[in-house]
Amino acid sequence: MHKVFLKPGKEESLRRFHPWIFSGAIARVDGEPEEGEVVEVYTAQKEFIAEGHFQIGSIAVRVLSFEPEPVDHRFWTRKLATAYELRRAIGVAGNPTNNTYRLVHGEGDNLPGLIVDIYARTAVMQAHSAGMHVSRVDIAEALAEVMEGSVDNIYYKSETTLPFKADLFPENGFLRGGGSDNVAEEYGLKFRIDWLKGQKTGFFVDQRENRVLLERYAKGRSVLNMFCYTGGFSCYAMRGGAELVHSVDSSAKAIELTRQNIELNFPGDPRHEAFAEDAFKYLDRMGDQYDLIVLDPPAFAKHKDALRNALQGYRKLNAKAIEKIRPGGILFTFSCSQVVSKDNFRTTLFTASALTGRSVRLLHQLTQPADHPVNIYHPEGEYLKGLVLYVE
Ligand code: SAH
């Protein structure tokens, strides 16, 4: 195995179990490891401190273990079984009304660079690092073993998530099985999952618990689900007894998926309508008919330099909704930008509220669900922020 030696003192974060080693912390590398290879990491005093996947880039090593151990079939099955155990413990796996959940959430499951989402009998696997890409076949084998009896298909979807400079040539496709039945169930609601062409792994699993909360507030309300994608929030609002539900997304494909999902759960129900339109345009032209609004936009900032513009975007968007929501209205507003902190987001909502001059109260502070756990040693893993506001 190739060895990586750190600069003096650069082992500190590893002693606190942080799973990343930045290229600037490395003094020298013995030999020339391939991208995605497992390397051993030593302190300047030549003491073993970790092992992990090597990659050329700002994060040079993603730690797989703080013990010297082989990364083999037993390693992968043990890690995946631990992840599965957690999902059973929190009640999203082995649940008769739910078969949609995240089985592996990268660093949150001590598997940096790996995402696995379960949709009924299909696992969608995504690599965000060269190492997980290189190990995909081993991982799929272990996954099939751990999930035996509940998963038949493993679809690999990494064409857009790997660094294109590393000559990895990822191809999307089935590593196991190949079923086309793509209807999964989330807390008793059915969703058609487009893992072939959809965003991420095909569905936003991370909003599940927040959708449950929305359902509780939906009764008798007029709901606007802005940035609806596959219509997740819309289906919960319908089940919660909303008077009407309007779903809006700029993508015609998303609107089609939303219509299909509503039809799957509430065939012929006239309470729902969907519109393919830009969010800002829709908010400008709409009236004041809504008293429950969801704003779940895509990440406005992907990098630190984009933070200022992103906060401006969130402020404008939220001010429009707060201005127009009916008195006594409830706003569910989210940011999934990792660079936008909880404080940033809250301050932005403060400014947006002040711009409208309305009386606004904070009812709930939301985050990602327990199947997207945050490794306590890797606080960067917390990305989803949500606020539920009551507007007088
Ligand atoms: N709320 C969804 C996930 C939203 S993802 C869920 O629970 O599943 C963000 C969505 O915003 C995408 O579907 C994207 O098509 C849409 N979008 C991006 N920019 C937009 C814009 N300017 N106006 C309306 N929709 C937009």
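Remember, it's 1-based here, ligands and their atoms both numbered in the order they're listed.
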Reference residue His246; test ring pair (Phe, Tyr, Trp, His ring centres under 6.0 Å); the match among Phe233, Tyr290, Tyr282: Tyr290

Under 3.5 Å between any N/O of Ser250 and any N/O of ligand 1: does that happen in this structure? yes

Against ligand 1, does Gly232 come closer than 4.0 Å with any heavy atom? no

Write out the residue and atom name of the closest protein heavy atom to atom 18 (C) of ligand 1, then the distance separating them to 0.1 Å. Pro298 CG, 3.5 Å

Arg211 to ligand 1, any heavy atom closer than 4.0 Å: yes

Centre of Tyr101's six-membered ring, under 6.0 Å away, within 45 degrees of the axis: is that where NZ or CZ of Arg87 sits? no

So which protein heavy atom does atom 11 (O) of ligand 1 come closest to, and at what separation? Phe227 CD2, 3.4 Å

Side-chain donor/acceptor of Ser158 to backbone N/O of Leu162, under 3.5 Å: no

Element-labelled atoms of ligand 1 that are located less than 4.0 Å from some non-hydrogen atom of Ser251: 15 (O)

Looking only at protein heavy atoms, which one is nearest to atom 1 (N) of ligand 1, and what is the separation? Asp296 OD2, 2.7 Å

Work out whether the distance between some heavy atom of Gln199 and some atom of ligand 1 is less than 4.0 Å. yes

Taking 4.0 angstrom as the limit and counting only heavy atoms of Asp278, give me the atoms of ligand 1 inside it, by number and element. 21 (C), 22 (N), 23 (N)

protein heavy-atom neighbour closest to atom 13 (O) of ligand 1 works out as Asp249 OD2, 2.7 Å

In this structure, atom 5 (S) of ligand 1 is nearest to the protein heavy atom Phe204 CZ, 3.6 Å

Checking heavy atoms under 4.0 Å, the part of Phe233 that sits near ligand 1 is side chain

What's the shortest distance from atom 23 (N) of ligand 1 to any protein heavy atom, and which residue and atom give it? Ala279 N, 2.8 Å

Are Arg102 and Asp109 within salt-bridge range, i.e. N to O under 4.0 Å? no

What I want to check is whether the side chains of Glu37 and His2 have a donor and an acceptor closer together than 3.5 Å. yes

Find out whether Ser135 and His53 are in side-chain contact, i.e. whether some heavy atom of one side chain is under 4.5 Å from a heavy atom of the other. yes

Hey, can you tell me if Phe203 and Phe191 have their rings parallel, tilted or perpendicular (30° and 60° cut-offs)? tilted

Expected output: side-chain Arg136 to main-chain Met132 donor-acceptor under 3.5 Å: no

Working note: Thr97 + Asn95, criterion side-chain hydrogen bond (donor to acceptor under 3.5 Å, both in side chains); need CA distance, chi angles, decisive distance, verdict. CA-CA 6 Å; Thr97 68; Asn95 176 332; 3.1 Å; yes

Test item, Lys253 contacting ligand 1 (heavy atom, 4.0 angstrom): no

